[in-house]
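Below, chain A is the first sequence line, B the second, and so on; all start at residue 1. Please read these numbers as outputs of a predicted model, since none were measured by experiment.
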2 protein chains.
Amino acid sequence: MTRPPRSTSRQDRRRESEKLILQAAEKVFAEAGFGGATMQLIADVAGLPKANLHYYFPTKEALYRQVVENIFQNWLKAADIFDAAPGPVEGIGAYIDAKMEISRRHPDGSKVWASEVMHGAPVIQDYLETTLVDWTQGRMEVIRRWIEEGRMDPVDPRHLLYMLWATTQHYADFSHQIETLNGGDPLSEQQWSAAKASVKAIILKGIGARPSNEG
Amino acid sequence: MTRPPRSTSRQDRRRESEKLILQAAEKVFAEAGFGGATMQLIADVAGLPKANLHYYFPTKEALYRQVVENIFQNWLKAADIFDAAPGPVEGIGAYIDAKMEISRRHPDGSKVWASEVMHGAPVIQDYLETTLVDWTQGRMEVIRRWIEEGRMDPVDPRHLLYMLWATTQHYADFSHQIETLNGGDPLSEQQWSAAKASVKAIILKGIGARPSNEG
DNA sequence: CCACAATCTGACCAACCGGTCAAGAATTTT
DNA sequence: AAAATTCTTGACCGGTTGGTCAGATTGTGG
């Protein structure tokens with residue numbers, strides 16, 4: 001009797017375990033890099049025996065690949081805002097807000113992504129060549145349209161995108177440096193707001209963005 | 001007789017070997033990260049036996065530390081331009097040019113630096129807390145002065161500096177992504193010029209920089 | 001309730017890595 | 001020229017790592 005309380009089904013447990021491992025892996029990969037991370041440390045962070053990791057993910061590379069792919073999906077999601085907007089003030093402004101929020105909430109993911117690209121994108125080169133190229137061209141088209149409509153200055157869309165990526169992701173990738181320059185403390189709520197406002201103000205003014213409903 | 005042609009003195013050879021090792025190390029650390037780099041691979045790239053590396057640099061950490069410290073010194077050098085300028089148009093403009101040039105000529109160094117900071121600055125935390133903090137405060141003072149003199153908008157100097165660092169270093173740290181988005185080719189001379197011009201135009205306009213000799 | 005499949009895990013292994021060392025080669029000093 | 005010092009290098013070593021595996025455990029379908 002005392003039927004053991006089957007709190008979770010097998011499928012649920014599998015999903016939970018995989019999620020647990022992926023979260024631990026993201027943290028460890030972010031802190032130590034792919035080469036510096038060890039399966040043992042990831043296992044310890046996840047609170048599971050090392051052999052269990054290899055049951056769900058056959059190799060360290062497979063686990064790493066899954067982490068990077070998840071991050072990439074998240075990365076793309078922030079882009080939807082771009083299209084739905086009538087003009088650069090709303091579109092780029094919201095995009096900056098969204099990416100700054102990602103930098104704040106998921107700095108580990110941003111770091112893993114940066115590390116992957118910095119080392120030549122050994123595992124997601126195909127994504128860069130297909131999905132990212134398509135995405136980039138789509139947004140460049142949007143920017144060109146805004147320029148044609150006179151909603152902003154004729155800046156090079158490509159370098160504008162690079163500037164947006166660089167500036168927003170900097171707050172995640174270099175969070176340690178920023179903390180050190182902030183007296184060792186993480187940015188406060190107000191400081192994050194100021195950061196977002198500064199970035200938006202400089203870039204939007206820099207590209208001569210004009211509000212949609214002209215007065 | 002036939003005194004062996006002592007083409008180089010012992011000191012010269014030592015300096016040459018150290019330089020050779022440091023260059024190889026910078027490249028390998030940039031490509032593989034600290035954890036992924038191996039002394040054997042660095043030795044191969046340098047064209048020396050592994051044991052020889054340990055003669056000049058006792059440990060992998062010592063070699064890495066030397067690489068990072070050299071990069072940091074280079075990093076600081078680009079700052080002199082900042083002070084000598086009469087206003088933001090010249091100062092920040094020249095600073096962007098200088099840092100973009102570093103990104104172009106020494107992308108490996110920038111990557112090693114980014115990697116070091118991303119992983120919590122394990123070996124140069126003391127530099128961040130002393131030299132970098134001092135340097136940053138000095139430049140923020142310069143920017144505040146420019147603001148007081150009415151040479152630019154009252155932007156937050158800290159976030160302006162972050163934006164300058166992020167944008168310029170992005171071209172080195174994410175060079176692989178940029179190449180992929182450029183059809184697989186490195187940026188041409190013209191494309192580098194366009195990149196510099198775009199960054200300068202957007203930022204200088206974004207902060208409302210006004211030329212020194214007002215008309 | 002039982003057979004079967006899925007999950008879990010401690011123990012183990014081959015490969016690799018940073019680092020050592022002794023012995024020799026080259027160069028400078030005496 | 002010989003003694004002393006600096007440099008070079010192949011061979012080696014202990015420790016760690018990614019990955020394996022057999023057997024125990026747990027959940028599931030009949």
**Prompt:** What do you reckon, is NZ of A/Lys200 surrounded by more than 12 foreign heavy atoms closer than 6.0 Å?
**Reply:** yes
**Item:** Nearest-Å distance for atom pair OH/C1', residues A/Tyr55 and C/dG10
**Value:** 17 Å
**Integer-rounded Å distance: D/dG19 C1' and A/Leu63 CG** = 14 Å
**Request:** Report the nucleotide, chosen from D/dG10, C/dT7, D/dG18, that has the shortest atom-to-atom distance to any side-chain atom of A/Met39.
**Result:** D/dG18
**Complete:** Winner on side-chain proximity to A/Arg13, out of D/dC7, C/dT7, C/dC8, is C/dC8
**Asked** Which sits closer to the 5' end of DNA chain D, B/Lys50 or B/Ser17, going by the nucleotide each is nearest to?
**Response** B/Ser17
**Selection from D/dG19, C/dT9, D/dC7 that lies nearest to any side-chain heavy atom of A/Thr59** = D/dG19
**Nucleotide C/dT9, atom P - distance to CG of A/Asp44 in whole Å** = 13 Å
**Prompt:** Hey, does B/Ala37 reach any base, or is it just sugar-phosphate, or nothing, if we go heavy atoms under 4.0 Å?
**Reply:** sugar-phosphate
**Asked** If you look at every strand shown and take non-hydrogen atoms under 4.0 Å, does A/Ala62 touch a base, only sugar-phosphate, or nothing?
**Response** nothing
**Complete:** Rounded to whole Å, the CD1-P distance (A/Ile21 to C/dC8) equals 9 Å
**Asked** Where the side chain of A/Ala51 is concerned, which of D/dG19, C/dT9, C/dC21 is the nearest nucleotide?
**Response** C/dT9
**Asked** What is the distance from CG of B/Leu48 to P of D/dT8, rounded to the nearest Å?
**Response** 8 Å
**Message:** Is the distance from the ring center of A/Trp75 to that of A/Trp165 below 6.0 Å?
**Reply:** yes
**Request:** Please work out which of the three classes, parallel, tilted or perpendicular, describes the rings of A/Trp146 and A/Phe82, given edges at 30° and 60°.
**Result:** parallel
**Asked** Are B/Gln125 and A/His176 linked by a side-chain donor-acceptor pair shorter than 3.5 Å?
**Response** yes
**Request:** Rounded to the nearest angstrom, tell me the gap between atom CZ in B/Arg14 and atom P in C/dA26.
**Result:** 19 Å
**Request:** Calculate the interatomic distance between B/Asn52 atom CG and C/dT20 atom P; express it in whole Å.
**Result:** 15 Å
**Request:** Could you check which of D/dT17, D/dT8, C/dG18 has an atom nearest any side-chain atom of B/His54?
**Result:** C/dG18
**Message:** Rounded to whole Å, how long is the line connecting atom CD of A/Gln40 with atom C1' of D/dG19?
**Reply:** 12 Å
**Message:** Quick check against the 3.5 Å criterion: does B/His54 have a side-chain atom that pairs as donor or acceptor with the backbone of B/Thr59?
**Reply:** no
**Request:** Remember a base hit wins even if backbone is also touched, and classify A/Tyr56 as base, sugar-phosphate or nothing at under 4.0 Å, heavy atoms.
**Result:** sugar-phosphate
